[in-house]
Number of protein chains: 2
Amino acid sequence: MPVVAVIGDGQLARMMQTEAIELGVETRVLASNDDASAAQVFGDVRLGDYTVLEHLRAVVDGADAVTFDHEHVPNEYAQLLIDDGVTVEPRPEALIYAQDKLEQRKRLAEAGLPVPAFAAVESVADAEVFWDETGGQVCLKATRGGYDGHGVWFPATREECAELVEELLGRDLPLMAEQKVAFTRELSAMVARNRSGDVRAWPVVESRQDGGICRVAIAPAPNMSAELAERCEELAVRVAEGLGVTGVLAVELFEFEGENGPEVSVNELAMRPHNTGHWTQDGCVTSQFEQHLRAVLDWPLGAVDRCAPATVMVNTLGGEEDPDTPMSERVIAVMRKYPQVKVHLYGKDHRPGRKMGHVNVNADTVDEALAIAEDAAHYIINATWKD
Amino acid sequence: MPVVAVIGDGQLARMMQTEAIELGVETRVLASNDDASAAQVFGDVRLGDYTVLEHLRAVVDGADAVTFDHEHVPNEYAQLLIDDGVTVEPRPEALIYAQDKLEQRKRLAEAGLPVPAFAAVESVADAEVFWDETGGQVCLKATRGGYDGHGVWFPATREECAELVEELLGRDLPLMAEQKVAFTRELSAMVARNRSGDVRAWPVVESRQDGGICRVAIAPAPNMSAELAERCEELAVRVAEGLGVTGVLAVELFEFEGENGPEVSVNELAMRPHNTGHWTQDGCVTSQFEQHLRAVLDWPLGAVDRCAPATVMVNTLGGEEDPDTPMSERVIAVMRKYPQVKVHLYGKDHRPGRKMGHVNVNADTVDEALAIAEDAAHYIINATWKD
């Protein structure tokens, strides 16, 4: 059976390990420390730094495929590994479009895919032109390195925009501007694609963010026409195929009111398992973590049928304060009240806002699943019930 | 979060680890070697021998609960650990009834539970008396140490029975005799019970054996009245409660034609996750492995609702010869033909008859799930399709 090396030690790598165990796929992880989320649960842990080529070379040696739980491995190093004959998935020529927002916008626009109006910002003047063109509907973004709401700014006035751009460019931050979308909600269309071109799209979900951090995913996205759902799935497939993505791809979408009803445009891309896909662990025949392993090994992809009419995922983000009630007592209380809740924890210590785990709930209706999942997550975070 | 120490390094421990990762429960395993099925996938592997008290003491040190993937830890050692203040589940006073078939029969009969006629066999005369009482419907069993068809004999004649008993007693094998049951099929009723007395019963399944080894499990057991299914589940609950079992309990049953329709009697007990419960990984809200961990931690038990109308599990037992086609190629072929098949492999090298993995299939009907699961398992074993 093949060996997969995973670069990155977070919860995504951890949850890949769960599926690898059942598939009988051997794994190793490159981790920064022994106590990292994934390092706790891999049998073969290599300590090192993913920005050091020698550490990368050591962990990939003899592996049949190499993949990531984040997009921060320097592309030139990934390319060197490929030049060594290593199978690295996704490849740098695809990954660049998840890493560089400006390159991504250009490429998606060229392909005729829906993206908000955008412009490179290399000077204050660039920003001012864009401000005027959009009537001040401006979102500034670092083209690289942003995540979970970091690296995104919404200046309120033309002057604030100009000052911000001056300051950020002064820090050598590569910038772009994008037209703010008056979205009605956020969606996520996820697909997996293997090197041979096999593609499978999960049902599109509604995601709810809090301060730029995903908090809830609802599958399937409620109150959506079959036509729009299909359009979102096709869009994600086109992105995966157009960019040559291997593995799991999340296409985060804005839904907004168009002239002829709801429309979507692309917000972000992630080329790895994604928070908005955690529901697939308990809500789909094949989870995003199993599918990612299959895709990077160029194995046939699994069925993505749902297991229940509705599945809701709610993150258990670290609260402002960590309650005195130990985590195990909180889990016990949730399990007592809700025997159907699936608790997933990442082995992380408390930090405010930190992604420490999530709960998944299957039910006959979205409302029922959502109410249970919200209440359960609230207790795990706060040691109190929601109402 | 609590720490669970697992004694035993087989696939049952391996599949507990899968669930422990998601629950955020920390684990360690006592393994005989680094390459054992479970040792491959635990972060914390302690090499040692489960019949050596010092090795047991080392692995359980500081653990919140200790459990097993087999029933072979000497009870006197388990008791010493309990005397040290360690939480060991299931406890020796329950385990004895899974270890000693004669004690089990006596206890179940006392409790009014259905068991075949039986007798201790301490001499050839004992066996001959039983032979005559049952009209030669005799099954001889080693009271301890049997598994997967080992330790069970079916003498064809009174003379053969006498000779066999003489030989086995001469080897100091403790023996019992049991009336052969003209069963129509085998069933398995599985429950989990935690120390606080919370009990949950999975739907009763039909199991199909081959040479004493479980090969197929069909959930729910087809062609069974709701009344009989309920009776089987209640029976399993009574056994769990009567014997004070903690963790997962499998009650293997014979179904036979009684005077007023189908009846059942108890065949075997196992106090751990069981081969006939592997289907719960993909067919139930809570798998037997998660439930076992929850039970031994005295956590509330999870829902046992089914995820599909029918789930079938087929073991991938090592064939007489290992095909030249590598296992990964066989898995790929199965995944290509059947995107809905869930492949589970244990990381074991080939040996004829060895339990190397299993497949689970959910479908709308038993027939459909069975046909797919049989074909998929056949390919994984033989690298050829069934037809």
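Nothing here was measured: the structure is a model prediction, and the numbers come from that model. Lettering of chains follows the sequences in order, A, B, ..., and the numbering in each one begins at 1. When reading the values below, keep in mind they use all heavy atoms of this one structure, side chains included, and skip hydrogens, waters and symmetry mates.
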Relative to chain A, which segment of B:Glu329 carries a heavy atom at a distance below 4.5 Å: side chain, backbone, both, or neither?
neither
Return the option, out of A:Pro2, A:Pro339, A:Ala20, A:Ala333, with the maximum number of heavy-atom pairs under 4.5 Å with chain B.
A:Pro339
With a 4.0 Å cut-off, would you call B:Arg351 and B:Asp322 a salt bridge?
no
Do you know which of A:Val341, A:Thr286, A:Asp305 has the most heavy-atom pairs under 4.5 Å to chain B?
A:Thr286
Just one of A:Val314, A:Leu317, A:Val343 clears the side-chain contact (heavy atoms from CB on, under 4.5 Å) bar with A:Ile380, so which one?
A:Val343
Which one wins on heavy-atom pair count under 4.5 Å against chain B: A:Glu26, A:Met15, A:Gln281, A:Arg294?
A:Arg294
B:Leu297 portion near chain A, given a 4.5 angstrom heavy-atom threshold
neither
Under a 4.5 Å heavy-atom cutoff, which of A:Gln17, A:Arg14, A:Gln11 has the most pairs with chain B?
A:Arg14
Is the shortest side-chain N to carboxylate O distance from A:Arg46 to A:Asp61 below 4.0 Å?
no
Side chains of B:Trp279 and B:Arg306, heavy atoms from C-beta outward: is any pair under 4.5 Å?
yes
Just say parallel, tilted or perpendicular for the rings of B:Tyr346 and B:His278, cut-offs at 30° and 60°.
perpendicular
At a heavy-atom separation under 4.5 Å, does B:Val45 approach chain A through its side chain, its backbone, both, or neither?
neither
Interface residue of largest heavy-atom contact number with chain B, from A:Ala39, A:Ala303, A:Gly43, under 4.5 Å:
A:Ala303
Going by an N to O cut-off under 4.0 Å, is there a salt bridge joining A:Lys342 and B:Glu290?
yes
